[in-house]
Structures are given as structure tokens and as C-alpha cells.
There are 2 protein chains.
Amino acid sequence: MVSRPAGDRRTALLGAAAELFAERGYRSVLIDDIGRAVGTTGPALYRHFPGKQALLGAILVDVSERLAARGRDLVAGADGPGAALTALLRGHIEFALDEPALITVHDRELHHLTEEDRRRVRRLQRGYVEEWVGVLSQTRPDTPAPVLRAAVHAVFGLLNSTPHSRGELPRAHMADLLLGMGAAALAGPAADGS
Amino acid sequence: MVSRPAGDRRTALLGAAAELFAERGYRSVLIDDIGRAVGTTGPALYRHFPGKQALLGAILVDVSERLAARGRDLVAGADGPGAALTALLRGHIEFALDEPALITVHDRELHHLTEEDRRRVRRLQRGYVEEWVGVLSQTRPDTPAPVLRAAVHAVFGLLNSTPHSRGELPRAHMADLLLGMGAAALAGPAADGS
DNA sequence: CACCCATGTTAATGGTCACTAACATCGGCG
DNA sequence: CGCCGATGTTAGTGACCATTAACATGGGTG
């Protein structure tokens with residue numbers, strides 16, 4: 001049990017592949033690159049996944065599930081819509097700062113998935129967005145849902161910019177900056193498109 | 001001169017390739033797909049570009065140059081930093097709404113370029129960012145440049161989210177929404193990371 | 001101790017492309 | 001009119017690369 005840690009290699013593959021995919025893009029990463037990154041050769045991958053595409057699928061489904069679940073939990077545990085919104089912002093920012101590779105791959109490689117995986121990931125993403133929209137619609141009951149949805153996508157773009165600002169600022173500072181900007185963007189006076 | 005419009009096919013190739021690259025990613029788009037999109041076969045491309053990579057290079061260099069040039073002009077022609085900032089926001093939003101494919105490809109396919117093209121594009125991008133930073137540093141002279149740079153990247157993420165919200169809102173409404181959110185994010189009280 | 005399963009390794013194999021060759025077509029200009 | 005350059009077309013061709021085959025290896029368990 002200790003000498004052969006269950007799922008260890010599998011987890012390593014998921015992590016290494018995510019890094020590589022984020023950096024070079026799915027098609028440009030070779031099976032052998034992934035193997036080398038975890039100390040094996042390429043074909044060893046097939047002992048853990050049906051293939052390269054399935055590996056990408058596992059990565060994307062996992063991220064989407066984690067984001068959606070975290071969103072649900074944060075909202076459920078928050079004391080009112082204002083607190084919920086702050087919690088969502090903090091949670092997403094933490095995720096984006098901790099896992100820039102996953103954030104990057106998440107919205108870049110969707111089209112390389114199986115129809116089925118793609119549907120699944122999209123459903124989860126939609127659920128996460130609706131979590132945000134639900135909270136926002138409480139703080140701005142006068143703003144129509146489509147506008148809120150667009151605003152949420154825009155804020156995601158803002159928060160997910162992290163990979164572009166790699167290392168420009170210390171992490172805590174970056175987190176504060178993103179929180180302030182995100183909150184301001186969502187509370188902004190023109191958010192109803194007047 | 002009229003019967004054989006100079007560079008017409010070339011321009012069509014640039015546009016069609018940009019759409020396809022944005023939709024499926026550089027590596028997944030075949031020479032033949034690009035040819036078919038402009039009413040020829042694949043290899044006809046070589047009459048206009050040295051190869052697929054050079055075509056991508058032409059696209060990215062062109063976008064970067066247009067953005068940088070427009071940024072320079074807008075700032076130069078603006079009446080004070082406040083007006084300059086609004087002009088930059090409007091200009092970028094217009095671009096993002098008019099050319100979502102270019103916006104998408106712009107920051108997704110950089111690593112498929114020649115070293116030389118990549119350097120050139122990056123230099124242009126940097127210049128554009130510094131244009132924004134320069135304006136911002138006038139409206140918030142107390143905020144250090146690295147923070148402003150991170151804030152600018154974040155606002156780009158926000159504005160460039162357009163491709164994710166395709167058709168959710170009428171164009172003018174979307175433009176207003178993005179302008180309001182972008183301005184709020186950049187004016188936000190926490191933009192100094194307090 | 002012997003067997004077996006989990007994991008790996010190296011060497012095919014087969015498909016998929018970008019790119020090149022060889023061969024049209026056609027409009028303008030001498 | 002006949003040549004020429006620009007632009008295309010249809011067949012290679014040669015790399016590249018995911019996947020599979022065939023063959024280890026080594027630790028845990030009966």
C-alpha cells in the first residue's frame with residue numbers, strides 16, 4: 001500500500017499533462033512528452049487511460065466538477081447574497097492562482113473532447129455560471145439574466161487573466177487586486193447597460 | 001487591375017484562416033480546410049504564403065500592429081488621461097466585438113510562431129500594454145507600474161471575454177456593459193491592492 | 001517458492017498531414 | 001496571335017505520432 005501508492009502515477013499524469021497542454025496546446029504535446037514528464041515512456045500512459053483524448057477528458061471533467069462543487073458549497077454556506085458573491089470571487093481567484101494550467105486548458109481545449117465529455121463539461125460549466133447568476137440576481141433584481149450571464153463571463157475573463165500576469169505581483173497582492181477589480185466590475189453603475 | 005484584384009485572395013486567406021484557427025486551433029486546421037474556405041484547394045496557399053506557419057504569423061503580426069497603432073492614435077488624440085482611457089476602452093471593445101476570431105487567436109496561438117515572429121508580436125503587445133499603463137499612471141500616480149500592468153492584463157481578459165458570450169446580448173448593449181465593467185474595474189477602490 | 005497482475009519497455013503499424021512536383025489555364029502584353 | 005507570369009490542380013512523398021504488439025519485471029499472495 002505504501003510501496004505502490006494507488007493512483008499516484010495516474011495523478012501525476014493528469015498534472016503533468018495539464019501543464020504541458022496549457023503551455024503548448026493539446027495537439028502539440030506528444031504522448032512521449034507526457035510520459036517523460038512523469039518518468040516513464042509514452043505508451044505507459046495506456047496503462048492508466050484509454051488514450052490521449054481520454055486523459056484530456058479526465059482533466060477537464062475534473063476541473064469543471066471541482067469548480068461547480070466549490071461554487072455550490074460556497075453559496076450554500078454563505079450568509080446572504082453579498083457574502084456569497086465575495087465567497088465566489090475569493091474561491092475562483094484562489095483556484096485561478098493555484099492552478100493556472102487548469103484554468104488555461106479549461107477553456108482552450110474543449111473542442112478536442114469527445115462529444116460526450118464535451119457535453120458533460122459544458123453542463124458543469126453552465127451550472128457554475130448559473131450559481132453566480134443566481135447570486136447576482138439577488139443583489140440586482142432589476143437586471144435581466146442574459147446581462148448577468150454576460151457580466152459573469154466577463155468577470156471570469158478578468159479573473160482568469162492570471163496566467164497572463166504570471167509572477168508580476170506577489171500572490172496575496174494579486175488576489176486582492178483581482179478581488180477589488182472583480183467586485184467593482186460586478187457592482188459597476190453601468191452593469192445594467194444604461 | 002480590376003479584373004485581378006491585387007492581394008484579394010491573400011486577404012481572404014488571412015480572414016478564413018483566422019476564423020478556422022479561432023474555432024479549432026492551429027494544429028487542427030488543415031491546409032485543405034483553409035483552401036476550401038476561400039474556394040480553392042489546399043496547396044494554392046503556397047502561391048500566397050511560404051507555408052501554414054507564415055500565414056499564422058501574418059495574422060498575428062497584423063492584429064498586433066493594428067491594436068498597437070490604434071492605441072497610440074487614440075491616446076495621442078485624446079483630451080487628457082480620462083478621455084484617453086475611455087477611448088482605449090471603447091477602441092478595444094470595438095475591436096473585440098468586430099473581430100472575435102482575431103482576439104481569440106491572438107493570445108492562443110503565439111507558441112506556434114517562429115521565434116522571430118513571436119518576438120515581434122510580443123514587442124507590439126508590450127507596447128500596447130504600456131500605452132494603457134502610461135495613461136493609467138496619470139490617473140493613479142500613486143499606484144506602482146507592476147500593479148497597473150496586472151490590472152491592464154485583467155481588463156484585457158474582461159474585454160476579450162466577448163467570444164465566450166457570443167450572441168447573448170445585442171452588440172451595442174454588450175459594448176456598454178463591457179465599457180461600464182472595464183471602467184469600474186480600473187477605477188475600483190481596491191486597485192491599489194489595499 | 002511459483003504464479004499473476006500491475007506496469008513498463010521497445011519495436012512495429014497505419015493514418016494523417018504539410019509540403020513539393022508536374023502539369024493546366026488564362027489574361028495581358030509584345 | 002503567341003509567350004509569360006500568376007495562380008490553380010492533382011498526385012506524390014516523407015515526417016510525424018497515436019496506438020498496439022510482444023516481450024519484460026517484480027512484488028504480493030496462495
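Side chains included, hydrogens not; waters and symmetry mates left out as well; all remaining heavy atoms used. Lettering of chains follows the sequences in order, A, B, ..., and the numbering in each one begins at 1.
In terms of heavy atoms, Ala185(B) sits closest to Leu158(A) at CB-CD1, 4.1 Å. In terms of heavy atoms, Val129(A) sits closest to Val152(A) at CG1-CG1, 4.1 Å.
Between the CG atom of Asp32(A) and the C1' atom of dT20(D) there is a distance of 14 Å, given to the nearest Å. Asp33(B) places its CG atom 9 Å from the P atom of dC17(C), with the value rounded to the nearest Å. Atom-to-atom, NZ of Lys52(A) to P of dC16(D) comes out at 15 Å; the value is rounded to the nearest Å. If you measure from atom CZ of Arg10(A) to atom C1' of dA6(C), you get 15 Å, rounded to the nearest angstrom. Regarding Leu30(A), its CG atom lies at a distance of 5 Å from the P atom of dC17(D), rounded to whole Å. Rounded to an integer number of Å, the gap from Phe21(B) CZ to dA18(C) C1' is 12 Å. Rounded to whole Å, atom P of dA6(C) lies 17 Å from atom CG of Leu45(A). The OH-P distance, from Tyr46(A) to dT19(D), rounds to 3 Å in whole Å.
With sequence neighbours excluded, the residues that form a ring-ring contact (aromatic ring centres under 6.0 Å, His included) with Phe21(B) are Tyr26(B).
For dG8(D), the OP1/OP2 oxygens have no side-chain nitrogen or oxygen of Thr41(B) closer than 4.0 Å. Here His48(A) reaches the OP1 or OP2 of dG8(C): one of its side-chain N or O atoms lies under 4.0 Å away. Distances shown here put every side-chain N or O of Arg47(B) at or beyond 4.0 Å from the OP1 or OP2 atom of dT9(D).
A perpendicular orientation is assigned to the rings of Phe156(A) and Trp132(A), their planes being inclined by more than 60° (bins at 30° and 60°).
Considering only the side chain of Arg27(A), dC17(C) comes nearest among dC17(C), dT9(C), dT19(D). Across dG8(D), dA11(D), dT9(C), the shortest atom-to-atom separation from the side chain of Arg9(B) is found for dG8(D). Set against dT20(D), dG8(C), dC19(C), the side chain of Thr40(A) has dG8(C) as its closest nucleotide. Checking dG8(D), dC19(C), dT10(C) against the side-chain heavy atoms of Pro43(A) singles out dT10(C) as nearest.
Residue-level contact check: Val38(B) touches neither bases nor backbone, having no heavy atom under 4.0 Å from any strand. In this structure, Gly42(B) reaches neither bases nor backbone, as no heavy-atom distance under 4.0 Å exists between it and the strands shown.
Side-chain atoms of Gln125(A) and Val121(A), non-hydrogen and from C-beta on, do get closer than 4.5 Å to each other.
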